[in-house]
J.: 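First the structure, then my questions, so here it is.
The figures here come from the full heavy-atom set of this structure, side chains too, leaving out hydrogens, waters and symmetry mates. This one's a predicted model, so the numbers in the text were calculated from it and none came from an experiment. We count ligands from 1, going down the list as the structure has it; atoms in each ligand are counted the same way.
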Amino acid sequence: MFEVVIGLEVHVQLNTKTKLFCSCPTSFNHKQNVNTCPTCLALPGALPVFNKEVLHKSIMFGTAIDATINEVSYFDRKSYFYPDSPSAYQITQLYTPVVEHGKLTIDFEDGSNKTIRINRAHIEADAGKNIHDGDISKVDLNRAGTPLLEIVSEPDMRSADEAILYLKKLHSIIRYLDIGDANMQEGSFRVDVNVSIRPKGDEKLYTRVEIKNINSFKFIQKAIEVEVARQIDAWEDGIYDDEIVQETRLFDQVKQETRSMRGKEEAADYRYFPEPDLLKVVATKEMLEKYSQIPELPDAKKERFINEYKMNEYNASVITSSVEMANFFETMMSLEGVTPKTATSLLTVEFLGRLKGEQTLTNSLVDALKLGKLAQRVDDKTISGKAAKEVLDYLMENEADVDDVIEKLGLKQVTDTGAIEVMCDEVINANPEKVEQYQGGKEKLFGFFVGQVMKASKGSANPQVVNEILKAKLG
Ligand code: ADP
Ligand code: MG
Ligand code: ZN
């Protein structure tokens with residue numbers, strides 16, 4: 001029996017306004033090489049100046065993962081030759097990173113959890129992009145010098161599922177802190193997966209393979225599964241030592257296999273040395289105080305939702321899974337009279353269930369205030385829960401006001417007791433035998449009377465009021 005061992009390196013693009021060592025904007029630009037200057041083009045004589053916003057965001061991250069934040073950290077040079085790096089080296093933090101020894105908790109469906117240790121998070125500069133276009137290759141340096149936080153876990157994960165839970169949690173923390181967009185498709189949350197296997201019970205680490213450039217959780221899961229299968233096959237066929245070497249591999253989404261990309265560089269290949277053009281990075285006491293005041297994180301928010309709104313664990317997990325959804329919910333709750341129960345079901349069941357195609361929580365015609373108002377109309381009994389679905393169907397397709405739609409579709413509930421009383425009398429008078437049976441002890445018939453009145457009102461009577469009046473009249 002084998003055990004899977006996984007360690008993850010995640011490159012998060014920090015959402016600072018300007019680049020790491022120059023004042024070029026980090027904003028995306030369709031036109032190539034416009035967000036550049038002598039520093040990020042690495043022209044001779046240009047000198048880097050550290051952007052403190054990067055340190056602020058690193059402190060926030062370090063706080064979120066309960067890590068040590070080094071008051072003094074340093075930059076190092078990592079040499080490599082590739083056209084997307086005009087300086088032929090990358091500025092990174094090898095020896096003393098800004099953040100060390102953190103941890104993150106992943107939660108399993110059965111309610112148990114596990115702590116994954118984070119070895120370090122260090123600051124480094126991103127490279128540009130090579131664009132291969134037929135016979136020619138082009139280089140776009142708009143991204144060169146964009147700040148990255150590389151977050152390196154310990155090899156603590158034991159399955160593809162655990163790796164995905166870790167990544168989703170990390171992703172959500174970045175979004176909650178708002179220190180990066182963490183958009184996998186756009187490359188602002190890039191994952192390198194290190195995978196090895198070992199006989200169960202063995203404590204030693206075996207040869208690891210690094211899989212690069214996988215841009216969705218689904219493909220990461222698949223890549224781990226096929227790589228683990230390859231390693232186990234090699235072991236069982238007695239060719240493990242020949243087949244499994246420390247190297248970088250690519251995941252082929254079409255063939256569903258990993259392929260060798262290049263042999264693993266040793267640290268010596270990079271000829272690391274301390275960066276001579278930059279000062280040490282100093283996190284002052286004031287900075288540490290200020291930036292350790294971070295927003296409420298997913299776990300804390302979930303706990304609060306369970307207590308404050310009496311939500312079950314499942315709903316609390318769904319709603320706090322993204323900061324956008326949590327904010328959406330709390331905006332709904334900020335409207336007077338909205339109950340958590342109505343807000344939860346309208347949001348998680350009805351609204352999410354109606355999003356289709358390109359629609360998301362934040363770009364559909366229904367925003368949090370509108371859905372909140374709909375919840376309000378359910379909770380103040382203007383409309384029934386069933387009618388709310390009809391109103392929502394309409395609102396998803398049309399720019400309209402909630403009350404106007406209720407009016408237009410004629411969905412207002414009748415709560416006027418006088419009108420309901422008349423309907424109850426009619427039903428009672430039309431069914432004298434049933435009344436006799438009911439009063440003789442056949443209590444099951446109560447539902448029949450309610451049904452008849454609801455039918456008479458074409459579903460618009462408030463069921464609670466109908467119940468009360470019938471109880472009183474039938475005795
Ligand atoms: P390097 O600096 O050469 O990239 P590290 O020791 O920093 O190597 O490890 C990089 C990543 O690989 C870390 O996330 C670590 O947890 C993971 N890792 C190291 N050894 C193994 C192994 N045998 N199996 C799986 N992951 C591993
Ligand atoms: Mg590495
Ligand atoms: Zn620049």
J.: Will you find, in the side chains of Ser112 and Asp110, an N or O donor that is under 3.5 Å from an N or O acceptor?
T.: yes

J.: Can you list the ligand 1 atoms lying under 4.0 Å from a non-hydrogen atom of Ser196?
T.: 22 (C), 23 (N), 24 (N), 25 (C)

J.: For ligand 1, which atoms sit closer than 4.0 Å to a heavy atom of Pro155?
T.: 16 (O), 26 (N), 27 (C)

J.: Closer than 4.0 Å to some heavy atom of Val5 - which atoms of ligand 1 meet that?
T.: 24 (N), 25 (C)

J.: Do Asn35 and Lys19 have side-chain atoms, one donor and one acceptor, less than 3.5 Å apart?
T.: no

J.: With the Zn ion (ligand 3) at the center, what angle do SG from Cys24 and SG from Cys37 span, rounded to 10 degrees?
T.: 100°

J.: Any salt bridge between Glu100 and Arg120, counting N to O under 4.0 Å?
T.: no

J.: Distance under 4.0 Å to a non-hydrogen atom of Leu8: what atoms of ligand 1 satisfy this?
T.: 14 (O)

J.: List ligand 1 atoms under 4.0 Å from Glu154, heavy atoms only on the residue side.
T.: 16 (O)

J.: Pick, from Asp192, Ile118, Asn194, Thr207, the option with the minimum heavy-atom distance to atom 26 (N) of ligand 1.
T.: Asn194

J.: Ignoring hydrogens and angles, tell me if any N or O in the side chain of Ser292 forms a donor-acceptor pair with the backbone of Glu289 under 3.5 Å.
T.: yes

J.: Between ligand 1 and Val152, is the shortest N or O to N or O distance under 3.5 Å?
T.: no

J.: Determine, for Glu313 against Lys302, whether the closest basic-nitrogen to carboxylate-oxygen distance falls under 4.0 angstrom.
T.: yes

J.: Show the nearest heavy-atom pair for residues Asp76 and Pro274, with the distance to one decimal.
T.: OD1-CA, 3.5 Å

